[in-house]
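Here's the structure we're looking at; comments come further down.
Worth knowing before you read on, the calculation uses all heavy atoms, side chains too, and leaves out hydrogens, waters and symmetry mates.
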Amino acid sequence: QVQLVESGGGLVQPGGSLRLSCEASGMSISIYDMAWYRQTPEKHRELVASISSGGNTNYADFVKGRFTISRDNAKKTMYLQMNSLKPEDTAVYYCYLMGMKWGQGTQVTVSS
């Protein structure tokens with residue numbers, strides 16, 4: 001059974017950067033579309049970015065130009081490079097193997 005483990009979250013100042021990783025174990029991810037979502041106590045879980053098995057990407061308007069999603073199928077890992085972070089980016093970030101599995105989430109806090 002596939003397991004997804006996120007890492008790379010933490011506390012960062014506004015304008016700073018973080019890179020999240022989502023490593024899969026138990027099976028290959030190469031044929032699956034994947035995505036990053038985020039959730040705050042005040043909001044429903046929302047899509048941040050997605051990447052198809054072929055590498056096509058899609059971004060929510062609120063992260064376009066700041067975040068980059070990528071994947072390394074050989075390493076069974078998906079990434080989210082987050083630049084120019086804003087306090088409103090504070091959330092728990094989840095990776096999602098579409099239709100199959102959610103990760104446990106990693107906290108990102110943007111604060112001075």
Side-chain angles (χ1 to χ4, degrees):
Q1 184 178 359
V2 64
Q3 297 294 325
L4 301 176
V5 178
E6 299 103 331
S7 61
L11 173 64
V12 63
Q13 292 187 342
S17 298
L18 285 174
R19 189 175 83 152
L20 305 183
S21 297
C22 172
E23 184 173 1
S25 62
M27 59 180 278
S28 171
I29 64 168
S30 60
I31 64 171
Y32 297 98
D33 298 343
M34 299 184 72
W36 287 98
Y37 282 74
R38 70 185 188 186
Q39 187 169 18
T40 66
E42 297 80 22
K43 292 183 178 180
H44 295 295
R45 193 170 293 189
E46 60 184 0
L47 177 67
V48 175
S50 64
I51 184 166
S52 72
S53 58
N56 294 318
T57 59
N58 181 56
Y59 296 92
D61 286 344
F62 52 79
V63 303
K64 281 182 180 177
R66 300 189 298 123
F67 291 11
T68 302
I69 189 171
S70 62
R71 64 193 294 165
D72 185 334
N73 291 330
K75 294 183 178 179
K76 300 182 182 180
T77 302
M78 177 179 65
Y79 304 98
L80 186 68
Q81 178 66 44
M82 306 187 295
N83 298 328
S84 302
L85 282 160
K86 305 175 181 180
E88 52 263 43
D89 294 318
T90 295
V92 178
Y93 284 71
Y94 296 88
C95 69
Y96 181 45
L97 186 65
M98 289 192 187
M100 292 194 67
K101 189 77 175 182
W102 289 93
Q104 84 286 353
T106 185
Q107 176 71 47
V108 171
T109 302
V110 185
S111 175
S112 56

Check [X] against [Y] and note the closest heavy-atom contact, atom names and distance.
X: P14; Y: S112; result: CD-N, 3.7 Å
X: S17; Y: N83; result: OG-OD1, 2.9 Å
X: S53; Y: N73; result: O-ND2, 4.5 Å
X: S52; Y: R71; result: O-NH1, 3.0 Å
X: L4; Y: Q104; result: O-OE1, 3.3 Å
X: I29; Y: A24; result: CG2-CB, 3.4 Å

TODO: Might you work through the side chain to side chain contact (heavy atoms under 4.5 Å, CB included) test for E46 and F62, ending with a clear yes or no?
DONE: CA-CA 11 Å; E46 60 184 0; F62 52 79; 3.6 Å; yes

TODO: Any disulfide bond (SG atoms under 2.5 Å apart) involving residues 22-93? Give me the pairs, sequence neighbours left out, ordered by first then second residue.
DONE: C22-C95

Interatomic spacing from [atom1] in [X] to [atom2] in [Y] - rounded to 0.5 Å:
X: Q81; Y: S70; atom1: CD; atom2: OG; result: 8.5 Å
X: L85; Y: Q13; atom1: CG; atom2: CD; result: 11.5 Å
X: Q107; Y: E6; atom1: CD; atom2: CD; result: 12.0 Å
X: T77; Y: L20; atom1: OG1; atom2: CG; result: 12.5 Å

Task: Fellow cluster residues of L47, listed by chain then number, with links counted only when side-chain atoms sit under 4.5 Å apart - done: Y37, V92, Y94, Y96, M98, W102

For residues [X] and [Y], determine if any side-chain heavy atom of one lies less than 4.5 Å from a side-chain heavy atom of the other.
X: F67; Y: L18; value: no
X: R38; Y: D89; value: yes
X: M27; Y: M100; value: yes
X: Y93; Y: M82; value: yes
X: L11; Y: S111; value: yes
X: E23; Y: K75; value: no
X: Y79; Y: S21; value: yes

Open item on the list: When you measure from the side chain of T40 to the backbone of A91, do you find a donor-acceptor pair of N or O atoms at a distance under 3.5 Å?
Closed with: no

Task: Listed partners of T57 passing side chain to side chain contact (heavy atoms under 4.5 Å, CB included), at least two apart - done: I51, Y59, I69

